[in-house]
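Structure first, then comments.
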Amino acid sequence: MIIAIADTLRKSCRDDDVVLRLGGDEFAVFITGMLDKERAETFFDRLFSNIEHSATIFDAKQ
């Protein structure tokens, strides 16, 4: 599941954004140019939707 989340994070970000796994199940994302709340909310809505979709696919494979 950690690999699926990492892959989803990477695919949800742009090429110039930075995605890091800090350890265990902790991740950090540095998104350049994310200066307003509305853009951040849009990004995180899309990110969490993508994570939910990845979890569903992962569960189906089990």
For the residue pair Asn50 and Ser12, confirm or rule out a side-chain donor-acceptor distance under 3.5 Å. yes

Backbone of Gly33 reached by a side-chain donor or acceptor of Arg39 within 3.5 Å: yes

Would you please name every residue forming a salt bridge (Lys or Arg N to Asp or Glu O under 4.0 Å) with Asp17, sequence neighbours left out? Arg14

Is there a continuous path of hydrophobic side-chain contacts, each under 4.5 Å between heavy atoms, that joins Ile5 to Phe44? yes

Restricting to side chain to side chain contact (heavy atoms under 4.5 Å, CB included), what partner residues turn up for Asp15, sequence neighbours left out? none

Are there over 12 heavy-atom neighbours, none belonging to Phe27, within less than 6.0 Å of that residue's CZ? yes

Sequence neighbours left out, what passes salt bridge (Lys or Arg N to Asp or Glu O under 4.0 Å) with Glu38? Give chain and number order. none

First locate atom CZ of Phe43, then atom CG of Asp45, and finally report the distance between them rounded to the nearest 0.5 Å. 10.5 Å

Between the side chain of Arg46 and the main-chain N/O of Ser49, is any donor-acceptor distance below 3.5 Å? no

So, for Ile2 and Gly24, which heavy atoms are closest and what is the spacing to 0.1 Å? CD1-O, 3.8 Å

Are Leu47 and Ile3 connected, step by step, through hydrophobic side chains (Ile, Leu, Val, Met, Phe, Trp, Tyr) whose heavy atoms are closer than 4.5 Å? no

If two hydrophobic side chains count as joined below 4.5 Å and joins carry through other members, does Leu20 share a cluster with Ile31? no

